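Values in this document were obtained by computation on a predicted structure and should not be read as measured data.
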Amino acid sequence: MENTGIQLSIVVPAYNEEARLGKMLDAYLPYFQESFGADYELLVVVNGSRDATESVARSYLPRFPQLRVIVEARAIGKGGAVMLGLSSARGRLIGFVDADGATPPAAFHELVRRIGDAGAVIASRRHPRSLISPRQPLSRRAASRVFNWFVRLLFGLRISDTQCGAKLMTRAAGRAVLPALGVTRWAFDVDLLFQLRRAGFAIVEVPTEWHDISGSRLNIFRASLEMSLAMIRLRLLYSPLRWVVGVYDRTMGRIFHA
């Protein structure tokens with residue numbers, strides 16, 4: 001794609017986020033408009049939403065020309081929405097962040113400052129200098145530790161927090177791995193980081209500020225099971241046993257959305 005002069009693209013996947021998206025946009029759009037002017041864009045990718053998420057996003061268009069709203073009728077998952085945003089983004093740096101506003105705009109801006117010569121920089125809630133409030137419940141912290149151990153065992157990724165919603169990469173890195181990405185739900189972040197590492201791009205993990213925002217519909221026990229199955233499925237996709245994935249998708253995959 002031609003050089004548009006845009007320095008930063010921020011992709012925001014949004015599925016049924018009418019209650020939280022507005023507050024997030026209220027924080028992000030003025031902040032990055034002041035910091036980057038016309039040299040950035042924010043892409044809200046509304047997918048499969050059955051509420052007023054699209055209307056909320058479009059209500060900001062008259063005041064913020066840097067905002068773009070992309071609508072996909074199907075529920076394609078966070079990963080699918082991020083991939084759609086990546087394919088449309090025009091920035092020299094391309095990142096994504098959750099629609100709930102858990103990562104403040106200044107914390108996302110810090111990723112831009114810290115990317116250096118790396119291919120990607122990611123926010124880590126487990127970094128000792130990160131500011132997390134309120135502290136997550138013991139059940140979620142325990143599930144996170146087990147999941148991280150699982151990721152290290154299966155993929156060899158020495159990354160302490162693969163699932164934090166704030167990540168940034170160079171345009172070259174994003175375009176290099178985009179054709180290889182195909183997992184759109186729980187395993188997307190791990191797949192992205194795995195592909196970046198396989199392609200030889202350095203990944204930097206930095207401390208962040210993160211606030212637990214109410215309104216999540218996540219069931220921690222079901223999510224933990226589905227995330228574990230998703231990791232196994234992803235590992236099989238990159239092995240001689242990839243044929244097992246087809247069997248799983250026709251059986252267990254109809255019950256658990258990995």
Side-chain angles (χ1 to χ4, degrees), residues 1-113 115 123 164-171 174-175 178 181 184-185 188 192 208-211 213-217:
M1 185 179 292
E2 71 278 4
N3 183 8
T4 62
I6 293 177
Q7 296 300 306
L8 174 65
S9 296
I10 305 172
V11 177
V12 182
Y15 170 74
N16 289 343
E17 288 287 358
E18 66 173 3
R20 303 191 294 183
L21 180 61
K23 187 174 181 180
M24 182 267 185
L25 294 178
D26 285 339
Y28 268 71
L29 289 169
Y31 179 95
F32 284 98
Q33 181 171 278
E34 180 177 350
S35 301
F36 286 85
D39 294 335
Y40 93 100
E41 61 181 359
L42 190 148
L43 299 82
V44 176
V45 183
V46 183
N47 70 104
S49 292
R50 299 182 300 275
D51 63 4
T53 300
E54 180 183 350
S55 297
V56 171
R58 291 193 183 282
S59 69
Y60 288 81
L61 288 172
R63 290 178 289 147
F64 296 97
Q66 294 84 7
L67 173 64
R68 297 169 60 193
V69 179
I70 299 173
V71 179
E72 167 57 58
R74 298 169 298 156
I76 55 177
K78 170 190 171 180
V82 171
M83 287 189 283
L84 185 56
L86 286 176
S87 66
S88 301
R90 299 171 291 179
R92 183 181 63 84
L93 297 174
I94 305 172
F96 58 92
V97 68
D98 291 338
D100 60 6
T103 301
F108 191 89
H109 195 178
E110 187 64 17
L111 300 182
V112 178
R113 297 188 179 100
I115 193 167
C164 187
K167 295 179 174 66
L168 181 75
M169 66 201 84
T170 64
R171 180 180 183 81
R175 291 305 166 92
L178 183 59
L181 297 174
T184 63
R185 203 163 189 255
F188 170 74
L192 172 65
T208 192
E209 180 181 353
W210 189 87
H211 303 283
I213 306 297
S214 62
S216 172
R217 296 170 293 277

query = Does Leu178 reach the side chain of Met83, with side-chain heavy atoms less than 4.5 Å apart?
reply = yes
key: Shortest non-hydrogen contact from Val112 toward Ile115   = O-CG2, 3.5 Å
ask   = OG/Ser49 to CD/Glu72 distance, rounded to the nearest 0.5 angstrom?
value = 11.0 Å
message = Quick one, Leu192 and Leu181 - any side-chain contact, counting heavy atoms below 4.5 Å?
response = yes
remark   = Taken in chain and number order and not counting sequence neighbours, the residues that satisfy ring-ring contact (aromatic ring centres under 6.0 Å, His included) with Phe108 are none
query = What closest approach, in Å, do Gly5 and Asp39 show between heavy atoms, and which atom pair accounts for it?
reply = O-OD1, 3.6 Å
Considering all heavy atoms, the nearest Val97-Ala166 contact = CG2-CB, 4.3 Å
query = Is there a donor-acceptor pair under 3.5 Å between the side chain of Glu41 and the backbone N or O of Arg90?
reply = yes
ask   = Of the non-hydrogen atoms in Pro105 and Ala27, which two are nearest, and what is the gap between them?
value = CG-O, 3.7 Å
ask   = Only one of Lys23, His211, Arg20 forms a side chain to side chain contact (heavy atoms under 4.5 Å, CB included) with Asp100, so which one is it?
value = Arg20
request  = Indicate the atoms forming the closest heavy-atom contact of Pro13 with Ala99, along with that distance.
outcome  = O-CB, 3.6 Å
task = Enter the distance from Ile10:CD1 to Arg68:CZ here, rounded to the nearest 0.5 Å.
result = 13.0 Å
Nearest-0.5 Å distance, CD of residue Gln66 to CD1 of residue Ile6 = 9.0 Å
query = With a 4.5 Å limit on heavy-atom distance, are the side chains of Leu43 and Leu84 in contact?
reply = no
Contacts table for residues 29-36: side-chain donor-acceptor under 3.5 angstrom, sequence neighbours left out:
unit_1, atom_1, unit_2, atom_2, d
Tyr31, OH, His109, ND1, 2.8
Ser35, OG, Tyr31, O, 3.0

key: Min side-chain heavy-atom separation Val45-Phe96 under 4.5 Å   = no
task = Run the numbers on Leu42 and Leu25 for side-chain contact (heavy atoms from CB on, under 4.5 Å), then give the verdict.
result = CA-CA 9 Å; Leu42 190 148; Leu25 294 178; 3.9 Å; yes
message = Just so I know, are the side chains of Gln7 and Tyr40 near enough to count as touching, which here means a heavy-atom distance under 4.5 Å?
response = no
ask   = Between Ala107 and Thr208, which heavy-atom pair has the shortest distance, and what is it?
value = CB-OG1, 3.7 Å
request  = Evaluate the side-chain proximity of Asp98 to Met24: yes if any heavy-atom separation is below 4.5 Å, no if none is.
outcome  = no
ask   = Within a radius of less than 6.0 Å around CZ of Arg74, do more than 12 heavy atoms belonging to other residues, nucleotides or ligands occur?
value = no
note = Output for pair (Thr170 OG1, Arg175 CZ), nearest 0.5 Å, gives 11.0 Å
inquiry  = So if I apply the side chain to side chain contact (heavy atoms under 4.5 Å, CB included) rule between Leu21 and each of Val46, Val44, Asp51, Asp26, which one comes out positive?
reply    = Val44
message = According to side-chain hydrogen bond (donor to acceptor under 3.5 Å, both in side chains), who are the partners of Arg50, at least two apart in sequence or on a separate chain?
response = Tyr15
key: Min side-chain heavy-atom separation Leu168-Leu8 under 4.5 Å   = yes
